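A short worksheet on the structure shown next.
This structure is a prediction, so every number in the text was calculated from the model and none was measured. Naming convention: chains lettered A, B, ... in sequence-line order (proteins, then strands); numbering from 1 in each chain.
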Amino acid sequence: MRLSHLFGHTLRENPAEAELPSHRLALRAGLIRPLAQGIYALLPTGWRVVRRIETIIRQEMDAIGGQEMLMPMVQPAELWQATGRYQAPSPGTALARFQDRAGRPLVLGMTHEEVATELARQEIRSYRQLPCLIYQIQIKFRDEPRARGGLIRVREFIMKDAYSLDATPEDMAGAYGYIYAAYERIFERCGLEVLPVEAASGMMGGQVSHEFMFLNEHGEDTLLRCDACGLAANAEGARIGLGPDRREVELPLEEVATPGHETIEDVARFLQVDRAQTLKAVFFVRAEPGENESGPDDTGLVFAVIRGDLEVNVDKLSAALGGTALEPAADPVLRAAGLTPGYASPVGIRDITVIADESVLAGSNYVAGANVEGYHLRNVNVPRDFQPDLVADIALARQGDPCPRCGASLGTSRAIEVGHIFQLGTRYAEALGATYLNEEGRATPLWMGSYGIGVGRLMACIMEQHHDDHGLMWPPAVAPYDVHLVSLARPDTPVEQAAEALYADLQSSGLAVLYDDRPERAGVKFNDADLIGAPVRLTLSPRTHVEGEVEFKLRTAPDAARVPLAPLDPLLGRIRKATGN
RNA sequence: CGGGGUGUAGCGCAGCCUGGUAGCGCGCGGCGUUUGGGACGCCGAAGUCGGAGGUUCAAGUCCUCUCACCCCGACCA
């Protein structure tokens, strides 16, 4: 490509709107241009990078038996209604909805589980066809509440998404393992350091889920990491260790007056006990009460009990209750249910769903509310004094909490999620009737997995990891061009002819070459070469040409070398060594 | 949706407080000189000052509303 005619010019100054290096450099190098909030055009140079990333993804997905296809971006709302995500609060307004001329409700695909499952329903009949792995590289649209950070979080974006179809949970877990390994190879080949972590599955549902995280201070996710044993997890769903078991001989229940002491902090100080020796009561109401949920009530009230030194993670609580949306309960609601705010107690509660954190079981003789204004109870024990409807991990993990594996103190890092994989189970298959006939001839729901990589976000992360003060420094495998050829020749001179000839030779040997044929001064050209960041820079000038040489410089190296122009092979060898092409 | 910030030429910005002929740098076009790390000189083109309404003899500047973009949060993969 001749730089003189390249569509997409470099910017000499930093655009005011860009703060992140990847955003700033992508704009300055002419890779992307904004069209609206969170919506970007990929200019030719940026598109070349995307295509090279996609090539790596295709190779690795094909290598594990993936079959590439293309699913529609516009989808009938019925599919989303069938799985419940159309009405669920979780994707909510991020799911863009519209109607066609006949008034039929449609959505823009923000992900393709529904379509993949619907297609599987049509295509998969027998266990003999399984397993299957389909994938696509498609544009998604999510009407994000807040796009940010250039390509880090956008509304329209390119995603590689894959769906595994299996006969059994074991086979699903196996496919998950293959894809996990393929993801590690993809990121490795793209030159990106990622950290796989345990994740919450959020609106996707399912149990097992991992995110591939790029550690970056501008990331929007917080990871909890254990330096001692290497465990890492997304803070939003992370488990924590419970600390030493505090169970002792159970003492008789007794009521104590605690007038005016309503918070855990207060009560613990007043009664001279550790906060971990108290029980905290937190209340929520279901956003859609009354449905066929577990629990004996129809008030929608949820009573969460957790050890006093911990906090409730609402997402975990919601997931433990089967994905119900929860809102904090106001005091009047509690009073109406016969509870005493500030002194509420799980002891003696009826007709309200009580869910206890696992931490509660690891201790005894707790201080809890007495459900009477101004009184608490000492020596509350489970299950002697109250029996939770459900015991689950609903604790919020925080910096400094003990590691669930080794007990050491957890630290935090910010990170960007570049890939996310889920074991979905049969949720989608059951909702849409995607079944196969097993060996006994019985219709059985498919076990599915879902696997995503944000291609543009991956490109942004690569730029975050590979740049310096002058510009981008592409890993050779994803660079937009292998060679940036700088001609410092005057017009209509033998040097210019030599540069043209070299450009032609490099191209015909299969290299991707960006040829700076503009009548600019050397400084301008070198700075643009540094900005665009091709791995190899070749410079042809009168100075080198009289020696029959060309200057060879790696973007990542400080110094240049002289290489003879003829014969060409040594030069080509050197370029190939540097670019891997 | 809450909090904060910014909208003036293609880009980066000043001018606004204290109302009175719209500026600077870069870029862009022409001519000349220069030619290995963002050259120099001369000439030139380019602006509904985000939009609407208001106050005023007069609004880029003051007031009201509104839109867009950026950052933090909520939310989210």
- Is A/Gly149 touching bases, backbone alone, or none of the nucleic acid, heavy atoms closer than 4.0 Å? sugar-phosphate

- Task: Using a 4.0 Å heavy-atom cut-off, write out nucleotides 24-37 of chain B from 5' to 3' as B (base contacted by protein), S (sugar-phosphate only) or - (no contact).
- Result: -BSS------BBBB

- Message: Give me the atom names and distance for the closest heavy-atom approach of A/Ile64 to A/Tyr178.
- Response: CD1-O, 4.1 Å

- Message: Between B/G7 and B/C13, how many Å separate the two P atoms, rounded to a whole number?
- Response: 9 Å

- Query: What residues form a side chain to side chain contact (heavy atoms under 4.5 Å, CB included) with A/Asp468, not counting sequence neighbours?
  - Reply: A/His470, A/Met473, A/Arg555

- With A/Gln75 as reference, evaluate A/Glu118, A/His112, A/Glu114 under the side chain to side chain donor-acceptor pair (under 3.5 Å) test and give the passing residue. A/His112

- With no hydrogens and no angle check, is any side-chain donor or acceptor of A/Lys525 less than 3.5 Å from a backbone partner on A/Ala529? no

- Message: Quiz question: by atom type and distance under 3.5 Å, do the side chains of A/Thr10 and A/Arg28 form a donor-acceptor pair?
- Response: no

- Stretch residues 18-33 of chain A: residues that reach within less than 4.0 Å of RNA chain B through a heavy atom: A/Glu19, A/Arg28

- Task: Take the protein atom CD of A/Glu17 and the nucleotide atom P of B/G12, then report the distance between them rounded to whole Å.
- Result: 7 Å

- Message: Measuring from atom CG of A/Asp221 to atom CE of A/Met213, what distance do you get when rounded to the nearest 0.5 angstrom?
- Response: 4.0 Å

- Query: Between A/His218 and A/Asn14, which is nearer to the 5' end of RNA chain B once each is assigned its nearest nucleotide?
  - Reply: A/Asn14

- Select base, sugar-phosphate, or nothing to describe what A/Ala94 touches, counting heavy atoms under 4.0 Å on all strands. nothing

- Base, sugar-phosphate alone, or nothing: which one does A/Val418 contact when heavy atoms must sit under 4.0 Å apart? nothing

